[in-house]
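Below: the structure, in C-alpha cells.
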Amino acid sequence: MSMLERARPELVAFAPYASARRAGFDARVRLDANESPWDSADDGCTDAGLNRYPQPQPDALRARLAALYGVDAASLWLGRGSDEAIDLLLRAFCRAGRDNVVAFAPTFGMYRVGAALQGAAFRTLALSADDGFALDTDHLLALADDDTKLVIVCSPNNPSGTLYHGDALERLARALDGRALLLVDEAYVEFAGVASASALLARHSNVAVLRTLSKAHALAGARVGALLAHPEVVDLVARIAAPYPLPSGSVRAASAALEPATLARTRARIATLVAERERIAVALAVAGGVRTVWPSAGNFLLVRFADAREAFARLLGAGILVRDFSAQPGLANCLRITIGRPDENDALLAALGGARR
Ligand SMILES: *Cc1c(COP(=O)(O)O)cnc(C)c1O
C-alpha cells in the first residue's frame with residue numbers, strides 16, 4: 001500500500017508553488033525570475049552567483065549525498081537541516097486535531113514541538129534510565145492506533161546515546177506497514193559504527209530516515225539535512241516545501257564537505273571523537289560526584305551526578321557549558337556532555353576533578 005493513502009488527503013494531489021527554477025529550463029539570458037541581472041560578487045560584495053535563485057533540489061549535491069547514504073537520488077530530499085524534514089513530515093501526514101505521533105521519552109525535543117505546531121497529539125512511552133533506556137517495541141506499538149501517522153525512533157538517541165537498530169527497527173517497520181511512517185532519526189549514526197536504517201527502505205515503503213551534515217560533518221551552521229524515504233514520500237515533501245529550501249552558500253559548503261579529502265578528514269575526526277567518548281566515559285565513571293555514565297553511540301554522554309546543579313555551576317565557572325537535562329522526567333540530576341576536542345575534554349575532567357589521561 002502506498003504511504004500516500006495515510007497522508008493528509010488534501011495534500012496528496014497538492015500543486016506546489018510554481019517557482020521559476022522548478023520549471024527546469026536553462027538559458028544564456030535569464031529573464032524569468034525577477035532576479036537582479038548584476039552579480040554583486042563583481043564588486044567583491046558577496047560570493048559569486050548569489051543574484052540567482054538556487055536550484056530547489058541541487059542535482060549534483062543530491063546525487064553525491066544519495067551515493068554517500070546508499071540510496072537512489074529519487075529517495076532523497078534535501079532541506080534546511082533534518083529539523084525541516086521533521087516539520088514537513090508532520091505537516092504532510094497529520095490531520096490537525098485528529099492524528100497523533102508516537103515516540104519514546106526521553107528523546108529529541110523537536111518532535112514534540114513539531115507535533116504541537118501541527119496540532120497532532122504526541123504520545124510517549126517512558127523508557128527507564130535504570131534499565132539503560134531499553135525499548136520494548138510491543139509497548140511502543142501499543143500506543144499506536146488508527147490515527148497514528150508517525151512513529152519516531154531516534155537512534156542513537158539524543159540525549160541518552162542509546163542505539164536502537166537491527167531487528168527492533170525491522171519489527172516496527174513490519175508492524176506499522178500500511179499504517180504509519182517509521183521515522184528513524186540518525187543524526188548521530190556516524191558515531192555509532194553500525195549500518196544505517198536506510199537499508200530498510202528497499203523492503204519497507206513506510207520507513208523514512210533522517211541524516212544531517214550538522215554533526216559528524218561539522219556543518220551545523222550551513223543547515224543541510226536529508227530525508228531518505230520512498231520516492232512518493234520524497235515527492236510529497238518536495239511539493240509542500242518552501243520553493244528554495246537551500247541557500248547557495250550552504251550548497252557550496254555541503255559540496256565541499258563531500259570532497260574525498262574532506263570526507264577522509266571527517267572519518268578521522270569521527271574516530272577521534274569516538275575514542276575520546278570512551279576515554280571520557282571511563283574517566284567520568286570514577287570521578288567524584290558522578291553516579292552513572294550511560295553507554296553512548298553518539299558524540300555526547302548522558303551523565304547522572306549526585307548534584308547536577310552543583311556540577312553544572314562548577315563547569316560553567318571553569319568556562320565550560322554543558323546541557324542540563326535534570327528537569328526532564330526520569331532524568332533527575334542528568335547532564336548531557338558533548339565530546340569536544342581532546343584539550344576541551346581534558347579541561348572538563350580537570351574541572352570535575354576526575355582522572356586525567
Ligand atoms: C541535532 C539533531 C538534529 C538536528 O539536525 P539539523 O540537521 O541540524 O536540523 C536532528 N535530530 C537529532 C536527534 C539531533 O540531535
Side-chain angles (χ1 to χ4, degrees), residues 57-58 61-62 65 68-69 76-91 101-115 117 122 124 127 133 135 150-165 169 181-192 194 196-198 207-229 237 241-242 245-247 249-251 253-255 257-258 266 270 273 277 294 296-302 321-325 328 331 334-340:
Q57 289 288 291
L61 179 59
R62 198 179 185 202
L65 272 179
L68 183 68
Y69 296 150
L76 182 146
W77 180 80
L78 277 164
R80 276 180 299 241
S82 28
D83 286 341
E84 187 179 26
I86 294 167
D87 178 56
L88 291 176
L89 286 173
L90 288 162
R91 290 212 234 175
V101 175
V102 167
F104 48 70
T107 195
F108 186 45
M110 271 304 294
Y111 312 141
R112 180 185 293 277
V113 171
L117 274 171
F122 192 68
T124 53
L127 303 181
F133 304 99
L135 174 63
L150 262 73
V151 173
I152 307 179
V153 172
C154 184
S155 176
N157 185 37
N158 179 5
S160 66
T162 322
L163 194 58
Y164 306 99
H165 69 301
L169 295 183
L181 203 61
L182 173 65
L183 179 60
V184 186
D185 187 341
E186 294 190 329
Y188 302 98
V189 75
E190 290 91 343
F191 304 102
V194 300
S196 165
S198 60
V207 169
V209 175
L210 297 175
R211 302 291 300 260
T212 179
L213 298 186
S214 293
K215 310 287 163 54
H217 292 273
L219 282 180
R223 313 302 307 126
V224 181
L227 165 71
L228 317 180
V237 164
L246 292 181
S250 295
V251 173
S255 302
L258 300 179
T266 294
I270 290 168
L273 281 176
R277 178 186 74 207
W294 282 277
S296 172
N299 65 339
F300 54 87
L301 290 165
L302 185 70
L321 186 59
V322 298
R323 190 80 179 266
D324 187 356
F325 275 87
Q328 288 209 8
L331 295 183
C334 288
L335 303 180
R336 189 195 64 195
I337 301 172
T338 303
I339 304 302

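Computed from heavy atoms alone, side chains included, the values below leave out hydrogens, waters and symmetry copies. Both counts, for ligands and for their atoms, begin at 1 and track the order of listing.
- When the options I86, L182, V101 are evaluated for a side-chain contact (heavy atoms from CB on, under 4.5 Å) with L150, the one that passes is V101.
- In this structure, R277 contributes its side chain and F191 its backbone to a donor-acceptor pair below 3.5 Å.
- Listed by chain and number, residues touching ligand 1 at under 4.0 Å (heavy atoms only) are G81, S82, D83, F108, Y111, C154, N158, D185, A187, Y188, T212, S214, K215, R223.
- Between the side chains of T162 and N157, not a single donor N or O lies within less than 3.5 Å of an accepting N or O.
- If you take CD1 on I152 and CZ on R112, they are separated by 11.0 Å, rounding to the nearest 0.5 Å.
- Proximity of a side-chain donor or acceptor of Q57 to a complementary backbone N or O of L78 within less than 3.5 Å is detected.
- Classified by interplanar angle (parallel below 30°, tilted 30° to 60°, perpendicular above 60°), the ring pair F300/Y188 is perpendicular.
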